Amino acid sequence: MWRRVVSLSPLVSVSKSRLRNQSPYGINAWQVFSTQVLNPAKDGVSGAARKPFITFVLGGPGSGKGTQCTRIVQDFGFTHLSVGDLLRNEISSNNENGSMILNTIKEGKIVPSEVTVQLIKKTIEASKNDRILVDGFPRSEENRIAYERVNGAEPDIVLFFDCPEEEMVKRVLNRNQGRIDDNIETVKERLRVFAELNLPVIKHYSEKGKLHKIDGTGSEDEIFERVLPVFAALRKCGMLSWLKDFYLDALGPVCTEFQKFLFQILLMHTSPVLEKMDTRGEGNSNTISEVEASLLGIADGTKGVVDNVKAAGVDIQSGQQQSRIDWLNDGDRNTKNFHANSGEHIMDLELVDKLVTNEQAQDSFITHGILLPSTYTDLVEFFFVWHSSPGFEFEFFFVLIPKEERALMMEEFRPIALRNFLFKIFTKVLATRLNVVDAKIVTKQQYGDKS
Ligand SMILES: Nc1ncnc2c1ncn2[C@@H]1O[C@H](COP(=O)(O)OP(=O)(O)O)[C@@H](O)[C@H]1O
Ligand SMILES: O=c1ccn([C@@H]2O[C@H](COP(=O)(O)OP(=O)(O)O)[C@@H](O)[C@H]2O)c(=O)[nH]1
């Protein structure tokens, strides 16, 4: 019976509270995970150091900025910061600038930068979200320069909803939200101000390669279809979001060793073999090396594999060195050579399973006090009988390592796939078995590629 030995899927489905409480290897989970690799913005504590992903949303009055922002919020988890709304709040809360703001809006002009930039800064700092849409700002080059000076940063991307004037006028006059500026006279002035002062901002971001121009005509759904590709990469990072939630909510900022974190992920979710190891009080990498070594018959001094390799007359070390030299000389021709010849050597694979017997492997575990269930030997037998393994090699844990501090887009991550450790042992044993015959099936130039 071929059971699934290792499943990493619990990692993605397990509830946070369960993870918070479990301590399978005598180490509190929150002590061993690193938060350094991810933006610790979510705690809202380190506001000054935070650098959320900022999207400016631009377009003329009535071009549909607010409408599309609502959709982006729903689909991609942004916080919507409408600068027009912030200003209107200032008016209704009778703040010192209230009457000045009211008059400016009524005339369709632009509120001074020092007011808007401070309002935006305060709101971003108060937000716990690390994805923010700034809607309807900057409205002029002066606005833009003031923002970048005060915040010390440009936006990450800029959306521009491009819509014909007559359509914008129609929409604004139908908006019906009781706004003092949604009348034909003010709209005309807003459109003039937009063309004169806002278009240069749009041109600036276009030249910087940050602008995403969206055709703002058609239905709301049609327009949103055009918006989606801009943020598609963020959606693909679903696993990343999950990881972020996991670290930031459940684990807290403690450990700094990223490798330790990866390793612990493997530890927590691999097979019962690891639990056996842990009962020996050694849930660490030494133990894994020991298991590998014992499987290979090296740690316990049996030297079976090494002897076999030597007996086959293969000088591994000098072979590897020579392969590097040849690779430098021959480049890609090595690969062509390998593929051209590999077919001839296929039959030699029959030799492979004679090198370490399953009994030998199991004995090694027992020698080291590890009660290995039939798991490992089952796998090996299955592999050699059916020429495939019972599924476990397809299971991996996908991790996105940020290449830069504020990584959010897919291209800003380096994806790696973590396999379970049994898989590693399995392939290592196979590689060792292959050592004996690889002089026959692999050209000497290919030695360097062996794992
Ligand atoms: N694609 C569209 N087609 C028709 N009406 C729209 C569309 N998008 C938005 N609207 C409507 O037009 C008005 C202005 O949209 P809004 O999103 O408030 O624009 P903005 O924020 O750019 O001023 C609103 O009443 C809104 O419901
Ligand atoms: O950064 C900003 C954003 C808005 N406004 C003022 O607020 C009004 C309404 O802006 P909003 O973005 O709410 O609406 P829109 O003009 O895009 O329909 C504008 O005409 C301006 O008078 C401003 O002065 N600076």
Side-chain angles (χ1 to χ4, degrees), residues 54-74 80-92 97-124 132-148 150-151 155 158-199 201-202 214-227:
I54 302 287
T55 302
F56 282 170
V57 183
L58 300 179
S63 59
K65 301 183 292 297
T67 306
Q68 294 299 323
C69 280
T70 307
R71 303 284 296 265
I72 298 167
V73 166
Q74 284 163 3
H80 179 198
L81 192 167
S82 159
V83 180
D85 284 350
L86 288 182
L87 292 171
R88 283 183 283 275
N89 285 345
E90 290 294 290
I91 299 171
S92 49
N97 292 318
S99 59
M100 178 272 289
I101 295 171
L102 175 70
N103 289 330
T104 312
I105 290 181
K106 215 191 289 182
E107 289 170 16
K109 301 278 194 297
I110 298 173
V111 173
S113 295
E114 51 268 31
V115 175
T116 38
V117 168
Q118 284 309 325
L119 277 175
I120 295 168
K121 186 168 189 279
K122 243 172 41 191
T123 315
I124 292 178
I132 293 179
L133 298 169
V134 179
D135 166 9
F137 179 93
R139 290 181 114 87
S140 66
E141 278 289 90
E142 199 254 82
N143 268 184
R144 176 184 70 75
I145 292 161
Y147 173 92
E148 291 178 2
V150 170
N151 291 277
V158 179
L159 291 188
F160 164 44
F161 291 98
D162 188 24
C163 195
E165 283 200 1
E166 58 277 22
E167 174 68 14
M168 292 197 277
V169 173
K170 201 170 80 189
R171 288 185 195 170
V172 166
L173 295 181
N174 284 337
R175 180 151 47 188
N176 220 5
Q177 288 176 349
R179 277 173 53 167
I180 45 160
D181 55 346
D182 280 354
N183 56 71
I184 188 66
E185 290 75 33
T186 314
V187 169
K188 278 185 184 160
E189 178 59 8
R190 285 156 70 194
L191 286 169
R192 194 195 63 74
V193 169
F194 172 73
E196 183 185 321
L197 300 175
N198 212 329
L199 286 180
V201 178
I202 288 161
I214 312 281
D215 175 1
T217 59
S219 71
E220 289 177 20
D221 284 348
E222 284 166 347
I223 299 168
F224 190 57
E225 282 296 313
R226 297 171 201 141
V227 170

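Quantities reported herein were computed from a predicted structural model and do not represent experimental measurements. Note that ligands are numbered from 1 as they come in the structure, with each ligand's atoms numbered from 1 the same way.
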- prompt: So is there a nitrogen or oxygen of N174 less than 3.5 Å from a nitrogen or oxygen in ligand 1?
  reply: no

- request: For atom 9 (C) of ligand 1, find the nearest protein heavy atom and state the residue, atom name and distance (0.1 Å precision).
  value: T67 OG1, 3.2 Å

field: Residue, atom name and distance, where the atom is the protein heavy atom closest to atom 13 (O) of ligand 2
entry: R88 NH2, 2.8 Å

task: Report yes or no: does G218 have a heavy atom closer than 4.0 Å to ligand 1?
output: yes

query: Counting from 1, what ligand 1 atoms have a heavy atom of I223 closer than 4.0 Å?
result: 1 (N)

query: Is ligand 2 under 4.0 Å from a heavy atom in the side chain of D135, in the backbone, in both, or in neither?
result: neither

- line: Closest to atom 18 (O) of ligand 2 among protein heavy atoms sits R190 NH2, 2.8 Å

statement: Quick note on ligand 1: atoms under 4.0 Å from a heavy atom of G60 include exactly 22 (O)

Atom 4 (C) of ligand 1 [closest protein heavy-atom partner, distance rounded to 0.1 Å]: R171 NE, 3.8 Å

message: Tell me whether R175 has any N or O atom under 3.5 angstrom from an N or O of ligand 1.
response: yes

query: Does V83, backbone or side chain, put an N or O under 3.5 Å from an N or O of ligand 2?
result: no

message: I'd like to check I184 versus L173 (side-chain heavy atoms, cut-off strictly below 4.5 Å). Are they in contact?
response: yes

query: Counting heavy atoms only, which part of S82 comes closer than 4.0 Å to ligand 1: side chain, backbone, both or neither?
result: neither

query: Which one of R139, R171, R175 has a non-hydrogen atom at the shortest distance from atom 19 (C) of ligand 2?
result: R139

task: Please indicate whether K106 has more than 12 foreign heavy atoms, meaning atoms of other residues, nucleotides or ligands, lying under 6.0 Å from its NZ.
output: no

task: Considering only non-hydrogen protein atoms, determine which one is nearest to atom 22 (O) of ligand 2 and report residue, atom name and distance to 0.1 Å.
output: K109 O, 2.6 Å

task: For the residue pair I223 and R71, establish whether any side-chain heavy-atom pair is separated by less than 4.5 Å.
output: no

- prompt: Under 3.5 Å between some N or O of ligand 1 and some N or O of G66?
  reply: yes

task: Any chance you could lay out the side chain to side chain contact (heavy atoms under 4.5 Å, CB included) test for I72 and L159, step after step, and finish with the verdict?
output: CA-CA 11 Å; I72 298 167; L159 291 188; 3.7 Å; yes

field: Closest protein heavy atom (residue, atom, distance) for atom 24 (O) of ligand 2
entry: V111 N, 2.7 Å

task: Please indicate whether any nitrogen or oxygen in T116 is less than 3.5 Å from any nitrogen or oxygen in ligand 2.
output: no

- prompt: Which residue from K65, R179, E189, Q177 reaches closest to atom 14 (O) of ligand 2 through any of its heavy atoms?
  reply: R179

message: Show the atoms of ligand 1 that are less than 4.0 angstrom away from any heavy atom in S63.
response: 22 (O)

- request: Give the contacting part of T217 toward ligand 1: side chain, backbone, both or neither, where contact means a heavy-atom distance below 4.0 Å.
  value: neither

Region of L87 engaging ligand 2 - heavy atom pairs below 4.0 Å: side chain

